[in-house]
Engineer: 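Below: one structure in structure tokens.
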Amino acid sequence: MTTLTTPVPRAPFSNDLSLKTWLGGMRLLSAVMMFTGFGGLAALLAAQPVSAWPEVDLGMTRIPSSIALAGLFCAGMALDQWRHWQVKQLARRGWELLLTDRPEEAIRALQVARYGGSDDQRARSLHGLTLAWLRKGDYERALSLCEATTYAWGKGTATIRNTQAPALMATILALYGEQDDASKWVERIQRPMFDKTDHALLAQAVMLCREGKHLEAVKRIQRTAREDVPRMDEGAVAVIHAFARSRLGGQQVPLKPGCVMPRRPARASGYEYLAREWPELAAFLRGEESPACGA
């Protein structure tokens with residue numbers, strides 16, 4: 001099992017400050033190659049005689065310029081696909097680092113992927129960056145990035161734009177203590193058809209706790225099966241569940257099988273980002289409250 005002390009193989013180029021420039025150069029080069037070669041490809045598609053085109057001397061042989069230009073176009077396309085593959089690898093590595101609680105390293109990889117890929121890749125990288133900055137406790141930057149993720153990026157990002165980003169906006173605002181704004185973002189969540197994931201769970205649990213409705217928060221969390229909780233939210237939901245139960249004043253609430261179990265983190269620093277603007281939760285994380293009832 002990977003731990004925070006286990007070295008993680010470095011993503012290719014992920015720590016190279018020139019990578020963003022390098023990928024941008026590849027994007028420009030591939031665009032120039034495709035634009036230049038398009039004339040030759042169009043000529044071939046139009047069935048113009050190859051003999052009508054002057055030949056190009058390649059040293060070892062001579063070929064009609066229309067074929068050379070068509071080859072240039074194909075090479076440009078191949079280069080562009082290779083660039084997209086590199087960006088995809090960086091983005092995938094960034095998410096892996098995020099899942100192993102390495103937000104700083106994830107930011108370096110995702111920041112490059114944000115600028116180097118397609119609209120879909122950029123939107124997914126923005127979403128990952130939002131999560132990474134949230135885990136670093138930088139609510140302001142996380143809100144800014146998350147708001148950008150809600151813009152129209154393309155058909156492939158509808159789930160992020162309409163579901164995941166609004167849920168994340170609501171969570172950040174709820175942690176900030178902005179209950180009214182958080183509620184408005186919860187209302188904007190549009191769950192795709194056949195998607196059973198409870199994207200609003202974390203935001204609503206935080207909102208209920210911050211309103212002092214700890215019993216309602218426990219019931220809200222236990223209403224959702226663990227498999228329907230977003231993977232990135234599961235640890236935070238477990239902590240909020242434990243915190244809510246610790247605030248019940250000795251009132252016993254049976255644990256519902258199958259829900260996210262309450263967990264007081266052994267290492268508070270892993271969840272300090274939740275308590276930046278929440279003194280009661282910060283005290284709980286420091287162990288200054290009684291243990292969670294029934295946990």
Engineer: Would you check, one step at a time, whether the test side chain to side chain contact (heavy atoms under 4.5 Å, CB included) holds for C209 with W278?
Structural biologist: CA-CA 10 Å; C209 284; W278 194 351; 3.6 Å; yes
Engineer: Are any of the side-chain heavy atoms of L274 and L281 separated by less than 4.5 Å?
Structural biologist: yes
Engineer: From L129 CG over to L134 CG, what is the distance, rounded to the nearest 0.5 angstrom?
Structural biologist: 12.5 Å
Engineer: Mind checking the CG-CD spacing from L285 to E272? Nearest 0.5 Å is all I need.
Structural biologist: 7.5 Å
Engineer: Roughly how far apart are L208 CG and Q179 CD, rounded to 0.5 Å?
Structural biologist: 8.5 Å
Engineer: In terms of hydrophobic clusters joined by side-chain contacts under 4.5 Å, are I160 and V87 together?
Structural biologist: no
Engineer: Any sub-3.5 Å donor-acceptor pair from Y273's side-chain atoms to Y139's backbone N or O?
Structural biologist: no
Engineer: Indicate yes or no: does R276 engage E140 in a salt bridge with an N to O separation below 4.0 Å.
Structural biologist: yes
Engineer: Which pair of non-hydrogen atoms, one from A174 and one from A182, has the smallest distance, and what is that distance?
Structural biologist: N-CB, 3.8 Å
Engineer: Closest heavy-atom contact between P265 and Y271?
Structural biologist: CB-CD1, 3.7 Å
Engineer: With sequence neighbours left out, write down each residue that passes salt bridge (charged side-chain N to carboxylate O under 4.0 Å, His left out) with E277, or none if nothing qualifies.
Structural biologist: none
Engineer: Any donor-acceptor pair under 3.5 Å linking the side chain of Q222 with the backbone of K256?
Structural biologist: yes
Engineer: Hey, are the side chains of T163 and I189 touching, using non-hydrogen atoms and a 4.5 Å cut-off?
Structural biologist: yes
Engineer: Honestly curious: do L143 and L126 fall in one hydrophobic cluster under the side-chain, below-4.5 Å linking rule?
Structural biologist: yes
Engineer: Rounded to the nearest 0.5 Å, what separates atom NZ in K136 from atom CG in L131?
Structural biologist: 14.0 Å
Engineer: With a 4.5 Å cut-off on side-chain heavy atoms, are R264 and V239 touching?
Structural biologist: no
Engineer: Can you list every pair that meets ring pair (Phe, Tyr, Trp, His ring centres under 6.0 Å) and has a residue in residues 180-235, with sequence neighbours left out?
Structural biologist: H214-F243
Engineer: Knowing that exactly one of D198, I240, L215 qualifies, which makes a side chain to side chain contact (heavy atoms under 4.5 Å, CB included) with R220?
Structural biologist: D198
Engineer: Look at the side-chain heavy atoms of Ile, Leu, Val, Met, Phe, Trp and Tyr, link any pair under 4.5 Å apart, and say whether I172 and M207 land in one connected group.
Structural biologist: no
Engineer: Report the residues that fulfil salt bridge (charged side-chain N to carboxylate O under 4.0 Å, His left out) with D181, sequence neighbours left out, ordered by chain and then residue number.
Structural biologist: none
Engineer: Do you reckon V229 sits in the same ILVMFWY cluster as W95, going by side-chain contacts under 4.5 Å, direct or chained?
Structural biologist: yes
Engineer: Output the distance between atom CZ (R141) and atom OG1 (T130), rounded to the nearest 0.5 Å.
Structural biologist: 11.5 Å
Engineer: Can you check whether V253's main-chain N or O pairs, donor with acceptor, with R245's side chain at less than 3.5 Å?
Structural biologist: yes
Engineer: What's the shortest heavy-atom distance between G235 and R263, and which atoms?
Structural biologist: CA-NH2, 3.6 Å
Engineer: Can you confirm whether R135 sits close enough to L98 that some side-chain heavy atom of one is under 4.5 Å from a side-chain heavy atom of the other?
Structural biologist: yes
Engineer: Are the side chains of C259 and H241 in touch, meaning some heavy atoms are under 4.5 Å apart?
Structural biologist: yes
Engineer: For A132 and P103, work out which heavy atoms get closest and say how close.
Structural biologist: O-CB, 3.6 Å
Engineer: What verdict does the salt bridge (charged side-chain N to carboxylate O under 4.0 Å, His left out) test give for E216 and K213, after you've listed the backbone C-alpha separation in whole Å, the side-chain angles of each residue and the deciding distance to 0.1 Å?
Structural biologist: CA-CA 5 Å; E216 289 84 346; K213 301 176 181 178; over 6 Å; no
Engineer: Going by side chain to side chain contact (heavy atoms under 4.5 Å, CB included), H127 matches just one of Q164, M232, R122. Which one?
Structural biologist: Q164
Engineer: The test is side chain to side chain contact (heavy atoms under 4.5 Å, CB included); show your working for R188 and K184 and say whether it passes.
Structural biologist: CA-CA 7 Å; R188 291 180 58 172; K184 292 175 182 177; 5.9 Å; no
Engineer: For residues S125 and L90, determine if any side-chain heavy atom of one lies less than 4.5 Å from a side-chain heavy atom of the other.
Structural biologist: no
Engineer: Are L168 and Y176 grouped together when hydrophobic residues (ILVMFWY) are joined by side-chain heavy atoms under 4.5 angstrom apart?
Structural biologist: yes
Engineer: So, taking the atom named OG1 in T224 and the one named CG in L202, what distance separates them when rounded to the nearest 0.5 Å?
Structural biologist: 11.0 Å
